[in-house]
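Reckoned from all heavy atoms, side chains included, excluding hydrogens, waters and symmetry mates.
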Amino acid sequence: MIVRPKKRAPVHKFSGDEPTPKPQAQPFSFPAPIRGWVLDDSLANPQAGGASILDNWICTSTGIRARGGKQKYATLDAAVSSLFTYKSGVTETFFGATATKIYDITTIADPDVVPSAAITGQTDGYYSYEQFGTAGGDYLYAVNGTDSPQLYDGSAWTAITGVSSPAITGVTPSELSHVWSFANRLFFVRKDTKTAWYLPVDSIGGAASEFSLAGIFKKGGSLLFGATWSLDAGDGLDDKCVFVSTEGEAAVYEGTNPGSASTWGKVGVYQITKPLGKNATMQAGGDLLVATELGIVPISEAVRRDVASLSLGAVSSKIAPYWQKQAGVLSTHPWEVLKWPQKNIMIVSQPASDTDEGSCLVANLQTGSWSRITGWVTRCLGYFDEYGYFGSADSAVYKMEVGGSDDGANYTCTYLGQHESLGAVGMQKTITQARASFQSSTPILPKVSAQTDFSQITSGIPASPISTDIDVWDVGKWDIAKWDIGGAVTTNSLWTSVGKTGHVVAPEVQLTFGYAAVPVVELVSIDVEFHVGARVA
């Protein structure tokens with residue numbers, strides 16, 4: 001038998017002139033940040049759907065949408081301190097207040113001209129207000145703890161004193177600083193005391209009775225505000241009356257008549273940390289949300305948790321580091337909270353100094369996801385004719401989510417995702433290109449990029465798209481303007497060269513707006529293409 005040697009595979013030798021094989025490109029998709037602005041995730045292993053920067057976007061259940069602009073609605077004689085609304089049947093009246101005056105701003109002929117004041121001679125413009133209905137009609141109370149309470153009946157204001165008609169006796173009316181209703185009664189806080197005062201059932205005047213919490217609050221301070229808390233979403237027998245002090249103690253009572261031990265009893269006293277303002281509350285279903293130094297705290301959580309762990313149950317827990325920092329430095333003016341049902345959002349004012357650029361916070365009421373709006377100096381908040389408004393330090397009242405500019409100025413929507421390893425932990429990666437997918441019916445010029453290695457410095461601001469003013473009703477020309485420009489929603493998705501290298505990557509998307517039409521733009525996802533390099537030493 002003849003044994004032959006096995007054949008060997010030929011060995012290929014590189015001549016030195018042949019190109020080195022390129023690593024294959026890999027794809028990765030980032031979902032839109034439906035979890036919103038998230039600052040409490042692990043930096044090394046964040047959950048999907050969060051953003052480390054989310055300015056001028058509003059979270060939806062499917063993505064994030066570009067916010068609308070602001071438009072000057074009215075001009076008052078000084079910085080706007082309060083906004084409040086009266087509604088009876090189909091009649092709705094809107095009021096704005098400064099430190100010395102109250103204005104009826106329901107109908108404004110010229111937003112740059114100060115209207116005639118409905119009330120003058122006031123000494124404090126920060127009001128608490130409550131609408132209350134009786135057999136005699138619907139009434140609006142406004143109190144500030146310094147001047148006589150003002151009562152509006154749908155046509156005229158009346159300064160309430162001990163001898164007016166109607167009148168409040170038993171307490172000095174000008175010392176009443178907060179008003180709310182509970183069990184068909186009007187309750188008031190007497191400024192800088194631990195006492196509440198209440199009127200007879202279904203009454204807007206009469207002899208006020210005192211209810212003291214001096215032995216209830218143990219941390220000092222004074223009674224700041226009161227509110228109603230319910231275990232369900234309605235108005236019924238399970239409603240409870242909550243009294244909150246300036247030091248963050250919440251005393252909860254149940255019953256109908258504080259003057260009767262048989263029909264009134266204390267449920268408990270709970271710690272919620274210091275509240276940020278007497279108007280910084282919101283009803284969510286039956287629960288009462290209170291903006292505090294720790295965050296927005298539901299009373300239902302305060303009952304179940306110790307104050308040390310209360311921040312974990314706060315509605316604003318995802319942005320806790322930012323919230324608590326802002327609460328520590330923005331104490332010049334009280335904060336306020338506005339519920340906007342039509343937009344399914346909650347807005348929280350952050351009234352900084354008069355010269356600060358200004359910002360406010362927005363949360364989706366359905367998902368609880370947060371974002372921030374910049375360029376809005378929200379001194380106070382109001383709701384009128386199904387729109388949100390804010391009063392500013394520049395003496396103006398602005399309408400929110402109107403048009404595509406901030407009263408003529410451009411604004412930029414900025415999203416920076418959380419840094420991720422793209423499935424290649426410890427490996428250096430080069431992002432060659434990226435694309436953002438939008439659902440849009442208005443022109444956009446998106447700037448899509450990326451940041452690496454935990455950088456929070458975003459790239460330059462992009463330009464605004466071509467103006468669509470010609471397509472706005474009452475501005476565009478007949479037979480030229482496209483009146484249905486905002487009707488057809490299409491997908492916008494284009495690849496953009498990036499060229500960024502690092503071991504962790506965060507997608508970046510920016511849009512600038514500066515035209516009259518309201519932007520209809522929703523970010524759905526961001527795709528990237530990358531190459532894996534050497535392992536990071």
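- No side-chain N or O of Asp202 forms a donor-acceptor pair with one of Thr134 less than 3.5 Å apart.
- Within the cation-pi definition used here (under 6.0 Å to the ring centroid, within 45° of the axis), Lys399 qualifies as a partner of Tyr387.
- In this view, Phe182 satisfies the ring pair (Phe, Tyr, Trp, His ring centres under 6.0 Å) rule with no residue, not counting sequence neighbours.
- Counting only N and O atoms by type, the side chains of Gln122 and Thr100 include no donor and acceptor under 3.5 Å apart.
- Screening residues 97-121 for ring pair (Phe, Tyr, Trp, His ring centres under 6.0 Å) gives no qualifying pairs among residues at least two apart or on separate chains.
- For the side-chain hydrogen bond (donor to acceptor under 3.5 Å, both in side chains) condition, the pairs that include at least one residue of residues 336-349, sequence neighbours left out, are Gln342-Tyr383.
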Between Trp323 and Thr292, is the side-chain contact (heavy atoms from CB on, under 4.5 Å) condition met? List the steps.
CA-CA 9 Å; Trp323 180 288; Thr292 74; 5.5 Å; no
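- Remark: the Glu522 side chain and the Thr60 side chain contain an N/O donor-acceptor pair separated by less than 3.5 Å.
- For the residue pair Ser464/Thr512, the side-chain donor-acceptor check at 3.5 Å is not satisfied.
- Checked by atom type, the side-chain pair Gln510/Thr414 shows a donor-acceptor distance below 3.5 Å.
- Counting heavy atoms from C-beta on, the side chains of Pro258 and Phe187 come closer than 4.5 Å.
- The ring pair (Phe, Tyr, Trp, His ring centres under 6.0 Å) test applied to Tyr398 returns Phe390, not counting sequence neighbours.
- Between the side chains of Thr374 and Asn56, at least one donor N or O sits under 3.5 Å from an acceptor N or O.
- Screening residues 152-163 for side-chain hydrogen bond (donor to acceptor under 3.5 Å, both in side chains), with sequence neighbours left out, gives Asp153-Ser155.
- Taking 4.5 Å as the limit, every side-chain heavy atom of Ser52 sits out of range of all side-chain heavy atoms of Val38.
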The test is side-chain contact (heavy atoms from CB on, under 4.5 Å); show your working for Val297 and Leu310 and say whether it passes.
CA-CA 8 Å; Val297 175; Leu310 196 55; 3.7 Å; yes
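- Judged as a ring pair (Phe, Tyr, Trp, His ring centres under 6.0 Å), the pairs with a partner in residues 280-322 (not counting sequence neighbours) are, in order, Trp37-Tyr322.
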